[in-house]
Amino acid sequence: DAGVIQSPRHEVTEMGQEVTLRCKPISGHNSLFWYRQTMMRGLELLIYFNNNVPIDDSGMPEDRFSAKMPNASFSTLKIQPSEPRDSAVYFCASSNRVWVTNEKLFFGSGTQLSVL
Amino acid sequence: GIQVEQSPPDLILQEGANSTLRCNFSDSVNNLQWFHQNPWGQLINLFYIPSGTKQNGRLSATTVATERYSLLYISSSQTTDSGVYFCAVEWRSSGDKLTFGTGTRLAVRP
């Protein structure tokens, strides 16, 4: 298996521009997570999908952030408009949810986002 | 509030030394996992260990759920072990989310 695939690896954009991050989870996994990592706040969960349905988006910072999962093999995280404080590494991760808990979580390589 | 605390925050080892990293959590958990973030930023899952003991090569982990802590043992450390080690927990009270601790930063010197 190729693992969790994220694109792009690096994104540099100007304030006010729209940014779209993409993720392909591991085939067969039914849970997908978007995390953000910064020095100040560590690893923060932004949103979590189970069977393509958003379950918890309480970590999404504000309305400028949106996430979709149109099918089991693809998800996007969009920031519009982007701001310098959005600069961070954004990780996508997937796992298999069985009964009341998630099994091992696997991360993609992350997208390093810089908003100038 | 519910907390995940890791200790020590920083650790420097000479190659070949052993170490123990600790993760304390403040509530009952469904799920606990250990991760290694290497110097290139990759996050690798080391263990899925809500309870009991597991071993994988030079690494082993023990979770005592009733006492709300988990330990990660690194034996015969190598320079490739350098990076940040995170524990992450899924609380019984909050459903599906894995909450990460602040990590232990490990540097192994040759």
Side-chain angles (χ1 to χ4, degrees), chain A residues 1-6 9-10 23 25-26 29-60 88-114, chain B residues 1-7 9-10 21 23 25 27-52 54-56 59 61 63 65 70 72 83-105:
Chain A
D1 198 317
V4 178
I5 300 173
Q6 290 187 247
R9 287 298 310 276
H10 303 275
C23 175
I26 291 173
H29 282 184
N30 58 15
S31 293
L32 183 140
F33 303 79
W34 283 100
Y35 283 88
R36 177 172 69 176
Q37 187 175 34
T38 60
M39 289 294 293
M40 291 295 295
R41 300 173 69 90
L43 271 161
E44 304 174 275
L45 179 64
L46 300 178
I47 187 169
Y48 156 53
F49 293 86
N50 182 246
N51 292 322
N52 313 336
V53 175
I55 302 300
D56 188 333
D57 65 355
S58 59
M60 296 285 262
V89 180
Y90 290 80
F91 287 101
C92 176
S94 72
S95 71
N96 196 33
R97 183 160 186 82
V98 177
W99 192 232
V100 296
T101 189
N102 286 293
E103 296 181 333
K104 249 187 168 184
L105 186 68
F106 294 90
F107 280 85
S109 299
T111 295
Q112 174 78 58
L113 174 64
S114 298
Chain B
I2 298 174
Q3 294 181 345
V4 183
E5 296 180 348
Q6 292 188 242
S7 60
D10 296 279
L21 282 56
C23 173
F25 43 95
D27 201 354
S28 300
V29 299
N30 282 333
N31 181 346
L32 186 145
Q33 303 187 33
W34 282 97
F35 295 86
H36 175 220
Q37 188 166 36
N38 65 25
W40 296 270
Q42 265 193 309
L43 278 155
I44 307 298
N45 194 304
L46 299 175
F47 292 103
Y48 170 87
I49 187 164
S51 64
K54 290 186 178 179
Q55 179 149 10
N56 184 2
L59 303 182
T63 297
S70 183
L72 178 69
V84 183
Y85 290 81
F86 293 100
C87 75
V89 303
E90 181 183 300
W91 309 108
R92 286 185 188 169
S93 58
S94 67
D96 319 325
K97 298 181 286 190
L98 265 181
T99 300
F100 279 74
T102 53
T104 292
R105 185 172 299 275

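Reminder, nothing fancy here: chain letters follow the sequence lines and each chain counts from 1.
- In terms of non-hydrogen atom pairs under 4.5 Å with chain A, the most contact-rich of B:Val84, B:Asn31, B:Leu43 is B:Leu43.
- With a threshold of 4.5 angstrom between heavy atoms, B:Leu46 approaches chain A through N, CA, C or O but not through any side-chain atom.
- Side chains of B:Ser70 and B:Trp34: a donor-acceptor N/O pair is present below 3.5 angstrom, by distance only.
- If you tally non-hydrogen atom pairs under 4.5 Å between each of A:Glu44, A:Lys104, A:Arg41 and chain B, the highest count goes to A:Lys104.
- For a residue to count as touching a neighbouring chain, one of its non-hydrogen atoms must lie under 4.5 Å from one of that chain's; by this rule A:Gln112 does not touch chain B.
- Here the rule is side chain to side chain contact (heavy atoms under 4.5 Å, CB included) with A:Phe33, and of A:Phe49, A:Phe107, A:Tyr48, A:Phe91 only A:Tyr48 fits it.
- A distance of 7.5 Å separates CD of B:Gln33 from OG of A:Ser95, quoted to the nearest 0.5 Å.
- Not a single donor-acceptor pair under 3.5 Å links the side chain of A:Gln6 to the backbone N or O of A:Ala93.
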### Message
Would A:Cys23 and A:Leu32 count as a side-chain contact (heavy atoms from CB on, under 4.5 Å) here? Give the steps.
### Response
CA-CA 9 Å; A:Cys23 175; A:Leu32 183 140; 3.9 Å; yes

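- For A:Leu105, the parts sitting under 4.5 Å from any heavy atom of chain B are the backbone and the side chain alike.
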